[in-house]
Amino acid sequence: MNSNKRKNSEKVAARIGELGEYKIDIQLDQLSKDYKHLSDVLVKNPKAKTGYSQLDHIVITPFGVFVIETKNYQGTIYGGKDRKTWSVNGKFKMMNPFIQNYGHIQALKNFLDQKYHHLFISMVSFTKRSTFKIDDLELRKIASNDLIVYDVELFDYIHRKVSVLKLQHKEPLLNDNEVLMIYDAIYAANITDPSIREKHVQTLKESRPNEKETVTKENQPEKCCVCNKLVSEKVKAFCLSNKRFNGKIYCFEHQKDL
């Protein structure tokens, strides 16, 4: 990919990301007035590669603190709660977003009293340009504290989750002062220095494999791990999405043997 095409591609991706975040911001603005929310928060995290964690959205309610990781991929999302990596269309790999968000939540805990640590709810949001093929259907059920949703569902899922928590606990877990205190603590920890933010982004880019090499490798024909027979992209995607195959590729004949 030449530099001009790369720049154009990055501009398009950035624009799509901005539109996605705009849709989410509109929904968050419609939440109850006794909720507080922050977006694009950068906090120190000694355990992260860059030394920082960047959180897309945080919603603080009287019944829980939602930490939301947003993704703007297009295609079929294959993954599961216990998988280290997920994939898009069975080709392009990404870090398990729940593991990523777990790191974000752990970073936030450094700035809050321990008595609030159990209140976190992890949410991962994808756009409607994607389709979920995930092992763990619990991730779509409102009872879970790890939820995968479409961006257009975000308001509904937060509202429904809080409603369930209200039934479970009867009384708020946080009073108004505590909601504000948590908001203020995160707000104070947020790093706004443009140079630090730019360095964080640049370090993340440099830590990723060369984009061209990754695409070339992932587009190579896949073979059955038993007989070395070439398989189609459809068969490959099916195997990767099926927990039974444990991340390995099998031809149709050898799938029947498992």
Side-chain angles (χ1 to χ4, degrees), residues 14 17-18 20-72 94-126 145-149 151 154-155 157-158 161-162 165 169 172-208:
E18 287 169 4
E21 294 301 314
Y22 178 68
K23 285 191 293 183
I24 289 175
D25 284 335
I26 288 176
Q27 293 184 73
L28 297 184
D29 285 339
Q30 295 173 3
L31 290 170
S32 174
K33 297 302 180 185
D34 58 342
Y35 297 0
K36 295 286 185 181
H37 76 266
L38 304 98
S39 297
D40 190 20
V41 174
L42 184 71
V43 297
K44 288 184 178 180
N45 182 3
K47 295 185 178 180
K49 288 181 180 178
T50 66
Y52 302 93
S53 280
Q54 191 161 17
L55 300 90
D56 294 326
H57 303 279
I58 304 163
V59 178
I60 307 154
T61 82
F63 288 90
V65 180
F66 294 81
V67 177
I68 305 163
E69 174 68 21
T70 62
K71 300 295 182 186
N72 290 302
M94 63 175 167
M95 182 181 183
N96 179 332
F98 286 101
I99 294 177
Q100 184 180 9
N101 219 25
Y102 173 82
H104 293 166
I105 290 171
Q106 295 306 111
L108 281 185
K109 288 180 179 179
N110 293 329
F111 306 99
L112 300 176
D113 191 293
Q114 190 172 356
K115 66 182 179 180
Y116 302 125
H117 289 189
H118 69 289
L119 296 175
F120 286 100
I121 299 160
S122 178
M123 296 186 78
V124 175
S125 166
F126 283 87
N145 281 335
D146 296 287
L147 293 165
I148 182 171
V149 303
D151 54 2
L154 199 60
F155 175 89
Y157 263 75
I158 292 175
K161 181 64 178 177
V162 170
L165 291 169
H169 299 286
L173 302 176
L174 296 169
N175 59 41
D176 291 345
N177 287 336
E178 288 176 312
V179 168
L180 185 59
M181 183 186 68
I182 291 173
Y183 173 88
D184 287 343
I186 298 173
Y187 185 87
N190 182 31
I191 298 168
T192 57
D193 187 326
S195 62
I196 295 177
R197 284 177 166 260
E198 178 60 31
K199 185 177 179 181
H200 166 72
V201 172
Q202 193 58 39
T203 303
L204 284 178
K205 286 182 179 180
E206 291 172 356
S207 69
R208 293 170 184 153

Review point. Is there a donor-acceptor pair under 3.5 Å between the side chain of N190 and the backbone N or O of L42?
Key: yes
Point to revise | Closest non-hydrogen atom pair between H57 and S39, with its separation | key: ND1-OG, 2.8 Å
Check your understanding: Knowing that exactly one of L147, V149, I68 qualifies, which makes a side chain to side chain contact (heavy atoms under 4.5 Å, CB included) with I158?
Key -> I68
Review point. Which atom names give the shortest non-hydrogen contact between F63 and V162, and what distance separates them?
Key: CD1-CG1, 4.1 Å
Review point. Do other residues, nucleotides or ligands put more than 12 heavy atoms under 6.0 Å from Q30 CD?
Key: yes
Check your understanding: Should the heavy atoms of other residues, nucleotides or ligands under 6.0 Å from OH of Y187 be counted, would the total exceed 12?
Key -> no
Point to revise | Residue pair N145 / K161, side-chain donor-acceptor N/O under 3.5 Å | key: yes
Point to revise | D176 atom CG, over 12 foreign heavy atoms within 6.0 Å | key: no
Exercise for review: Can you measure from CD (E69) to CG (L55) and round to the nearest 0.5 angstrom?
Suggested key: 8.0 Å
Exercise for review: Consider only side-chain N and O atoms of S53 and H104, and report whether a donor and an acceptor are under 3.5 Å apart.
Suggested key: no
Review point. Under a 4.5 Å cut-off applied to non-hydrogen side-chain atoms, are F111 and V43 in contact?
Key: yes
Check your understanding: Judged by atom type as modelled, is there a donor-acceptor pair below 3.5 Å linking the side chain of E206 to the main-chain atoms of T203?
Key -> no
Point to revise | Greater than 12 external heavy atoms within 6.0 Å of K49's NZ | key: no
Review point. Where the side chain of N45 meets the backbone of G51, is there a donor-acceptor pair that is under 3.5 Å apart?
Key: no
**Study point:** Flag side-chain contact, heavy atom, 4.5 Å: D146 against Y102
**Key:** no
Check your understanding: Are any of the side-chain heavy atoms of I99 and M95 separated by less than 4.5 Å?
Key -> yes
Check your understanding: What's the spacing between I121 CD1 and M123 CE if we round to 0.5 Å?
Key -> 8.5 Å
Review point. Does the side chain of K109 reach to within under 4.5 Å of the side chain of F120, using non-hydrogen atoms?
Key: yes
Check your understanding: Regarding K36 and the six-membered ring of Y183, is the cationic atom NZ or CZ under 6.0 Å from the ring centre and inside 45° of its axis?
Key -> yes
**Study point:** Any side-chain heavy-atom pair of T61 and L31 under 4.5 Å
**Key:** no
Review point. Can a donor-acceptor pair be found between the side chains of S122 and N101 at a distance below 3.5 Å?
Key: yes
Point to revise | Sub-4.5 Å side-chain heavy-atom contact between V124 and F98 | key: yes
Exercise for review: Output, in order, the C-alpha distance, side-chain angles, deciding distance and verdict of side chain to side chain contact (heavy atoms under 4.5 Å, CB included) for E178 and Y116.
Suggested key: CA-CA 10 Å; E178 288 176 312; Y116 302 125; 3.0 Å; yes
Review point. Just by modelled atom types, is the Y35 backbone N or O under 3.5 Å from a matching donor or acceptor in the S32 side chain?
Key: no
Revision key, fill the gap. Separation between CD1 (I24) and CG (D56), nearest 0.5 Å, reads 7.5 Å
Exercise for review: Just do the side chain to side chain contact (heavy atoms under 4.5 Å, CB included) check on L28 and L154 with the steps written out, would you?
Suggested key: CA-CA 8 Å; L28 297 184; L154 199 60; 4.3 Å; yes
Check your understanding: Going from NZ on K71 to CD1 on I148, what distance comes out if it is rounded to the nearest 0.5 angstrom?
Key -> 11.0 Å
Point to revise | Straight-line distance of Q54 CD to I191 CD1, nearest 0.5 Å | key: 10.0 Å
Practice item. Before giving the answer on side chain to side chain contact (heavy atoms under 4.5 Å, CB included), spell out for V179 and D34 the whole-Å C-alpha distance, their side-chain angles and the decisive distance to 0.1 Å. Key: CA-CA 8 Å; V179 168; D34 58 342; over 6 Å; no
Point to revise | Donor-acceptor contact below 3.5 Å, side chain H117 vs main chain L112 | key: yes
Check your understanding: Looking only at heavy atoms, which two atoms of M94 and F126 are closest? And how far apart?
Key -> CE-CZ, 3.7 Å
Exercise for review: List the steps and the verdict of side chain to side chain donor-acceptor pair (under 3.5 Å) for K205 and Q202.
Suggested key: CA-CA 5 Å; K205 286 182 179 180; Q202 193 58 39; 5.0 Å; no
Review point. Testing I60, I58, D29 for side chain to side chain contact (heavy atoms under 4.5 Å, CB included) with H37, which one passes?
Key: D29
Point to revise | Heavy-atom pair with the smallest gap, counting every atom of L38 and V41 | key: CB-CG2, 3.8 Å
Practice item. Could you check L108 against I105 for side chain to side chain contact (heavy atoms under 4.5 Å, CB included), going step by step and ending with a plain yes or no? Key: CA-CA 5 Å; L108 281 185; I105 290 171; 5.6 Å; no
**Study point:** V59 and V65, any side-chain heavy atoms less than 4.5 Å apart
**Key:** no
Point to revise | Check: P62 and N175 side chains under 4.5 Å, non-hydrogen atoms | key: no
